[in-house]
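Note that ligands are numbered from 1 as they come in the structure, with each ligand's atoms numbered from 1 the same way. Note: hydrogens, waters and symmetry copies are ignored here, and every other heavy atom, side chains too, is used.
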Amino acid sequence: MRVLFVGDVVAHPGKRILKNKLRAFLTEHSVDACVVNAENVAAGLGVNYPSVKEIFSYGADCISLGNHAFSCPDYLRFADSECKVIRPGNVSEAWPGYSCCLLDLGQKGRLLVVALLGQVFVTPMADSPFRYFQDHINMWKEEYNPTNILVDFHAETTSEKGAMGYFADGKVSLVLGTHTHVQTADETILPCGTGFISDVGMTGTMSGILGMEPEASIRRLADKLPARYTAADGPAEMNAVLAELNIENGKCTKIERIRIYE
Ligand SMILES: [Fe+2]
Ligand SMILES: [Fe+2]
């Protein structure tokens, strides 16, 4: 099974590069399943219904979200009707929507996509992702009978992400970090066969900070004054990971970082 996972899509530049590049990439690389983290697609914070439909139309099979899942509160009313859009599972039971999604690819396998949220340096909204994983891993396998499991671990620190990688090693096919918007160069296959990267990176413009105009960050950090973030514009890049998964034993056999430019 060949899987493409696309890192946090940010605002219009992120959507634009997906629109122009994603389909051709999926065809060229014979991708069987495409998962896109889109938590920043709506002007940089959150997700909205039209953008969800757009991203599916560009080739995504599943959309995952993170701490900004409901930063656009309007999306709350759509969450229960979109079973292929998932938000982290280890959160308040009040959150609507889904925390995992099964992609049935026929002879290519059955990929279960799971979203988890970290606790370190993230606005406190998550229960322990480790305990949640431990409590759910057997249920995921029994209920969905997947050949492979992909975990989108949306977290800030490389240490928490590394810990999740080793914690889940051999139990899932992929642990892919998201949230920091900066791609890390540590992709690897862990000792028991789980493909891992600390952060996939983002899909949007690099003309700014994390896809946003720099002024708000400077005002907040240098001047210690409040400021509203606005999405930056400029040439975009798509940061992603391409992985090959064995559907017989669930192991990752290849993991590769991808950066595509406009
Ligand atoms: Fe993000
Ligand atoms: Fe995030």
Side-chain angles (χ1 to χ4, degrees), residues 4-18 34-48 51-52 54-55 60 62-73 75-76 79 85-92 95 97 99 113-127 129 132 150-162 164 175-184 197-214 216-217 220-221 228-234 236-241 257-259:
L4 183 75
F5 184 97
V6 178
D8 302 34
V9 179
V10 183
H12 182 66
K15 284 190 287 185
R16 187 177 65 229
I17 192 168
L18 289 188
C34 175
V35 181
V36 177
N37 186 301
E39 68 145 14
N40 304 107
V41 74
L45 289 173
V47 65
N48 55 36
S51 292
V52 162
E54 254 185 89
I55 288 173
C62 170
I63 291 175
S64 61
L65 305 171
N67 58 312
H68 288 302
F70 301 117
S71 291
C72 291
Y75 188 72
L76 285 164
V85 180
I86 61 171
R87 44 69 173 171
N90 55 321
V91 294
S92 163
W95 284 36
S99 58
V113 186
V114 173
L116 295 176
L117 184 60
Q119 291 182 300
V120 182
F121 300 149
V122 180
T123 307
M125 53 177 70
D127 299 326
Y132 185 89
L150 183 165
V151 176
D152 174 351
F153 188 35
H154 199 78
E156 181 72 32
T157 66
T158 49
S159 57
E160 191 180 18
K161 290 169 173 177
M164 179 57 76
V175 172
L176 305 177
T178 56
H179 176 68
T180 71
H181 293 201
V182 178
Q183 189 178 76
T184 55
I197 188 169
S198 289
D199 208 289
V200 176
M202 74 169 202
T203 298
T205 183
M206 293 297 167
S207 305
I209 300 173
L210 314 183
M212 311 301 278
E213 292 288 359
S217 292
R220 285 172 175 229
L221 294 167
R228 188 184 299 266
Y229 287 114
T230 55
D233 203 355
E237 62 182 78
M238 181 180 90
N239 285 192
V241 158
R257 276 182 289 130
I258 305 290
R259 292 182 83 177

Residue pair Asp152 / Glu39, side-chain heavy-atom distance below 4.5 Å = no
Going by the rule side-chain hydrogen bond (donor to acceptor under 3.5 Å, both in side chains), which residues pair with [X] if we only count those two or more places apart in sequence or in a different chain?
| X | answer |
| --- | --- |
| Ser207 | Thr205 |
| Ser51 | Lys15, Asn48 |
| Asn67 | His154, His179 |

Side chain Lys161, main chain Ala155, donor-acceptor under 3.5 Å | yes
Between Glu160 and Val120, is there a donor-acceptor pair closer than 3.5 Å when you use the side chain of the first and the backbone of the second?
-> yes
Leaving waters out, which protein N, O or S atoms fall under 2.8 Å from the Fe ion (ligand 2)?
-> Glu39 OE2, Asn67 OD1, His154 NE2, His179 ND1
